[in-house]
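See below for the structure under consideration.
In what follows, chains are A, B, ... by sequence order, proteins preceding strands, each numbered from 1.
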Amino acid sequence: MRVAVVAEQGEGGWLAEMPANGPGHGVFVRCDDLAEAVAERERSGDIRWVWPDTREVYPCLLRAGVRVARCHDVALVEGLLLSREGRGSDLASLAGAWARMRGTAAPPAVAAAAVTATGQQSLFDPPDPLFPDPRAALTALVSVHADQVRRIAADEHPQRFGLLAAAESAGALAAAEMAFHGLPWREDIHDAILTGLLGPRPVPGLRPARLAALAEAIREAFGGRAVNPDSPAQLLRALAADGVRLPSTRSHVLRGADHPAVPLLLDYKELARLHAAHGWSWLEEWVTAGRFRPEYVVGGVVSGRWATHGGGALQIPRVLRRAVVADPGWVLVVADAAQLEPRVLAALAGDRALAAAAGTGDLYESLASAFGGDRAKAKLALLSAMYGGAGGDAGQLLAVLRRRFPLAAGYVEAAARAGEEGRVVRSRLGRTCPPPSQAWRGITAQADDPESGDDRAGRWLRARGRFTRNFVVQASAADWALVLIAELRRRLADGEHGPQLVFFQHDEVIVHCPLEAADGLAQVVAEVAQEAGRLVFGPTAVRFPVTTSLVACYADAA
DNA sequence: AATGTTGGCGCG
DNA sequence: AAAGCGCGCCAACATT
């Protein structure tokens, strides 16, 4: 049973029952307290809630203490469908889909941005301004949903695409719940780390003591010349004045240079970045009451990986993981998929030799024999195949890979070819990469003139080849991870006092869990990982091992 | 003064 | 040792 939901301004809303697989709907029912109505229905049975946008509705439900098992997020599903149909995602909203169905003008992109801009929202945001009243929005919702169900069924692999739509929607639920629970974050520990590395917190605008001292030492190393170490241009000029000419001030470039300022600069850059990106201002802005609450953007990356908006949740520096500590009586269950992308490639390509290697704990180790017993070479060969690398030994190793694992090599090379030819490629579950831009078509349309030595068209061609080559693997890995999150969420007991998903980063998940409920959770994660493999890839010899640690502190995870 | 771009680096 | 893919965010710098 599916139930369409539209929230009113205030606490009320409208509901309509719908069949899962076709058009039509029951009577429109108004309720004064939408959260209560949803909770009651949720208890009564197996419902998939159909709503315009999880980000607008679900946080309000969570605040009211209501958790739902399943939903169909019309905005996210529309995004998946539009990219499959080769269209931009600017119509990926209920209003946009409704306008497209009726052939009317596209609405301005609004709702979601408005929520983040103000940072606050009323209990329920008004439905999209395109709709004069909630009944009109509900009418649109029911129609757009039926249209989406039809388009999913029309996919070349409707089962897989249906799973993708369900998993993307479940991801939206998980993301909202993670933001609601928050990642446990000890402000005192964070502050102690900063103070230990940088010195006491300075008045805003000034450098902390340690950075100030380094800046002064750098000035002296340049013979007293005033240099702002934050300015790459000034650094390059100062180095050149001392006879050291560098193409950039990147760390690895600096490391190879011979100048007394180099070690100081390397220290300065590392600490300055910590201060700027995750210093005291970050702590003040993003951590409240012992919780870091990033704003996840489900499907925010073309490959289906999540992005975040604000807080940089997917770039938490390793040194700060010390500050992520479970509450007293609770534990962090940190689960990390091992060597996910090469395993995904093995499953995608149906390469039996590679799948056999991926049926073990350490994929690279079991591949080593094919590369003269050298694990590092096996790893480099796989990474080069997936990323399109060609430097160093990569060419030779790729030749070995091609000979020993022709299906796997052929899979990524076909994807690269498709990209270079301007075609699109899809993940295992059917997420579609964007088509090339007009600029790309223009530049690659005319072949390079070999006389001029200008290789612009070739470079753009190869760049898109690398993108599509990587897309099929990265996006299919994201399919797997999304299904994992959806399955894991389903298996965890809900509620305030049970295990809570609190963090998700591409191939890694953290569950904050009461000690007494942690027993067997590692086993659950392992089972869910295999289940995700089966759901996404069907029967396969490939294993998806997960390294799971039960720790008080994130920094102590394996 | 406000907005956009670049260089650099954090994470997977 | 770095590179090949995907991101977000900062300060500096460029442009309006």
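Across residues 235-263 of chain A, A:S248, A:T249, A:R250, A:S251 each have a non-hydrogen atom less than 4.0 Å from an atom of DNA chain B (numbered order). Across residues 265-281 of chain A, A:R273, A:A276 each have a non-hydrogen atom less than 4.0 Å from an atom of DNA chain C (numbered order). Listed by residue number, the members of residues 313-325 of chain A with any heavy atom below 4.0 angstrom from DNA chain B are A:L314, A:Q315, A:I316, A:P317, A:R318, A:R321. Contacts with DNA chain B (heavy atom under 4.0 Å) in residues 548-558 of chain A: none are found.
Annotation: side chain to side chain donor-acceptor pair (under 3.5 Å) contacts of A:R225 (sequence neighbours excluded): none. Every residue meeting the side chain to side chain contact (heavy atoms under 4.5 Å, CB included) condition with A:P545, not counting sequence neighbours, appears here in chain and number order: A:A338, A:R343, A:R543. Residues meeting the side chain to side chain contact (heavy atoms under 4.5 Å, CB included) test with A:E220, sequence neighbours left out: A:E216. Take A:A179 and apply the side chain to side chain contact (heavy atoms under 4.5 Å, CB included) test, not counting sequence neighbours, and it matches no residue.
Of the two residues near DNA chain C, A:G300 and A:G388, the one whose nearest nucleotide lies more 5' is A:G388.
Screening residues 546-558 of chain A for side-chain hydrogen bond (donor to acceptor under 3.5 Å, both in side chains), with sequence neighbours left out, gives A:R322-A:D556, A:E508-A:Y554. Screening residues 245-268 of chain A for salt bridge (Lys or Arg N to Asp or Glu O under 4.0 Å), with sequence neighbours left out, gives no hits.
Heavy-atom contacts of chain A under 4.0 Å fall on DNA chain C between two terminal nucleotides, which in 5' to 3' order are C:dA2 to C:dC13.
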Let me have DNA chain C in dot-bracket notation, would you? Count Watson-Crick plus G-U wobble pairs, both distances under 3.5 Å, and use [ ] for pairs crossing earlier ones and | for inter-strand partners. ....||||||||||||
